[in-house]
Visitor: 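Supplied in structure tokens, the structure appears directly below.
In what follows, every chain begins at residue 1, and chains take the letters A, B, ... in the order their sequences are listed.
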There are 2 protein chains.
Amino acid sequence: MNRIPGRMPTTPPTLADVAERAGVSRQTVSNAVNNPDLLRADTLMRVQEAISELGYLPNRAARNLRTRSSHLIGLRIQPVQEGTANATMDRFVHSLVETSREAGYHVLLFSGDVGDPLAGYDDLLRSTAVDAFVVTDTYLGNPQATWLDSRRAPFVAFGRPWDNPGATHAWVDVDGAAGCQLATDHLLDKGHERIAWIGWRKDSFIGEDRRSGWHRAMHARGLPTTGLASRVEDTVASGRSAAGVLLDEARPTAFVCASDTLAMGVLHTLHERGLRAGDDVAVVGFDDSQVAQVVRPGLSSVRQPLEEVAVEVVSALEGLLGHPRVAHRGVLLTPTLEVRDSSGPDRR
Amino acid sequence: MNRIPGRMPTTPPTLADVAERAGVSRQTVSNAVNNPDLLRADTLMRVQEAISELGYLPNRAARNLRTRSSHLIGLRIQPVQEGTANATMDRFVHSLVETSREAGYHVLLFSGDVGDPLAGYDDLLRSTAVDAFVVTDTYLGNPQATWLDSRRAPFVAFGRPWDNPGATHAWVDVDGAAGCQLATDHLLDKGHERIAWIGWRKDSFIGEDRRSGWHRAMHARGLPTTGLASRVEDTVASGRSAAGVLLDEARPTAFVCASDTLAMGVLHTLHERGLRAGDDVAVVGFDDSQVAQVVRPGLSSVRQPLEEVAVEVVSALEGLLGHPRVAHRGVLLTPTLEVRDSSGPDRR
DNA sequence: GTACGTCGTTGGATCGATCCATCCCGGCGC
DNA sequence: GCGCCGGGATGGATCGATCCAACGACGTAC
């Protein structure tokens, strides 16, 4: 390689520099990095010394160009919802970054237009900027999933293909029904019998799934659910008024909610009526948000195992991108229950 | 370009394909994309048609290799702090992604080792994976900043170089002192005179800065501050006990806190003592977290203009990476106050 | 001693966009 | 008519790592 000896210290060393220093060819250095077992021990040693002496690291752009892969994973993020307690994304993003790193991938964030969620995906895909996507906003009835599928773009969804059970793409999800069943059973075990549900509107697949967990738990003990359920928007105000109506008309002793946001609404209503959350009426939320953790009384909440979700997502990605491809269908993980004071004492 | 006519539809078109179709050379296509004003109108039109017909988008890896820039910005994220109300990062990340997109950049997330925060930076830098960094965790007394500076790595800090006022790198920060002064003045205007401060330990530059805003506001009205300040760890429990001690020993009628987490601790203490937050004792927090927004009573809080911070950060980055380089020193933005019920009524 | 297979190594070609020096062509001045 | 000028277009070289076919050295077998 004809490189000026006294080159700028800002120019990183290349594979050719290492080869020259170690007295071998470029390919041998490449093998030392990517397939060390192809080299003889002493040669490998010599090359590795040269690498560390020069502080060599492969140039990403060159590698990407040749191998047609960037080792980047695209993740679309949407704005934080102010005024709610929803903060799943934050925890998930961190777990995903951490897990991806271990698998040799980095996470590339992008934000799509609000109107056209596909725009961001399309650009990144066509410019071969990312190897795959992680799709999180499947609650809409994921147009992304089918679109990406049609483009043969590798992706893993965090969230089931609710509206298309026949979908063949890889997905990972948390069993919301199991979580709500866990929460309801927890309250039943404490002696509650009239447990109300506050969830989302009927067009939300996730909401209906979570609701079914409550419903199942109640029926398993032969308890009625009529008049005990309410479906509203995911805001504190909606939760608050729904709780008021339910308390007046159905006299529940406990609430299970589809979100911490709704549960906060319930806590508001209880306080307004002079009822003590926990002692008088038990409340359980969903997502184990920071709000649930620092509010008084502490809000019991169903916690999604987002670290595990990230591990499964990355494992699915490795299957999609690896050689040979390993098919990876759906994975359903079970959440846990974080018990705090809003669960109240044993009532028996 | 000798490309097989009936090639796989999965292979994206290249610049050479476009050139062939438009009947021009590769360079002309490149100019059409990057310097359209160099072409004659009719040629440009022809090329653009070919581009849209083929759905051409430049290959990122190839461009990166040639231009030695990836148009990626590295951002290190740390785990969410569970059990606190701190969620600044989430909002900032989204704003940064959005603003970067408008400037033609994407955000690459990475997580460093806990022990060695520089490891992640080093790898990305040496492998030329990112063009620049956004450094956020400067509260430690930013070893990153000086390290990156010594490596001549382009970066912008969100946070002042507290321990090194002579630093020459670009930074953007929010004036915490002004924020706390705003909060304190707000309470003073309501008629409070004994306003307590709960902040962080003395070794926190940010904490001392915020404290100075409270101190300044009090002294501006000739009010004493002796015995009214407390410095503790940033946890709900610490805030709670600090509030207890202050109520016993200094009888304040209002609290200004360095964080929403501490403010939540104050709310806890007030409730335990049968005092009504807002009506009996006013409380103001810092960060306008989701917790402040959904808790009861609503927690007044200082809100950092993170959207503006992102804009300034990206603008600084463009200065660093652009031609010619535009020096961009420090920018200090002023936060706003979100007034909620915990501010209480007018007391005059 | 020659032929052969293996392991390790080599130089050249390649990925796709951009940089560079050159070339073409129409217009202008003398 | 000839030479000059400049906007516009051209082909070759380049960025750095990897793929590929071929090559050298060594040991074994005949």
Visitor: Would you say the side chain of B:V174 lies within less than 4.5 Å of the side chain of B:E308, judging by non-hydrogen atoms?
Guide: no

Visitor: Quick one: on DNA chain D, does B:A62 or B:L44 contact a more 5' nucleotide (nearest heavy atom)?
Guide: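 Nearer the 5' end of the strand: B:L44.
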
Visitor: Only one of B:V130, B:L109, B:L124 passes side-chain contact (heavy atoms from CB on, under 4.5 Å) with A:H106; say which it is.
Guide: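 That would be B:L124.
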
Visitor: By nearest heavy atom, map A:Q27 and B:V33 onto DNA chain C; which one lands nearer the 5' end?
Guide: A:Q27

Visitor: Hey, is the side chain of A:R66 pairing donor to acceptor with the base of C:dG16 inside 3.5 Å?
Guide: no

Visitor: Indicate, with a heavy-atom threshold strictly under 4.0 Å, whether B:N34 touches base, sugar-phosphate, or nothing.
Guide: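 Sugar-phosphate contact only.
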
Visitor: Heavy atoms under 4.0 Å, any strand shown: does B:T67 hit a base, just sugar-phosphate, or nothing?
Guide: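 Sugar-phosphate, backbone atoms only, no base.
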
Visitor: Backbone N or O of A:L125 within a donor-acceptor pair of the A:R151 side chain at under 3.5 Å?
Guide: no

Visitor: Parallel, tilted or perpendicular, judged at 30° and 60°: which one describes the rings of B:Y121 and B:F110?
Guide: perpendicular

Visitor: Nearest to the A:L15 side chain among D:dT18, D:dA9, C:dT18, which nucleotide is it?
Guide: D:dT18

Visitor: Roughly how bent is the helix from C:dG1-D:dC30 to C:dC30-D:dG1 end to end, in steps of 10 degrees, with each end axis from five pairs?
Guide: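 Rounded to the nearest 10 degrees, the bend comes out at 60°.
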
Visitor: Touch check for B:V24, heavy atoms < 4.0 angstrom, all strands: base, sugar-phosphate only, or nothing?
Guide: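 Sugar-phosphate, backbone atoms only, no base.
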
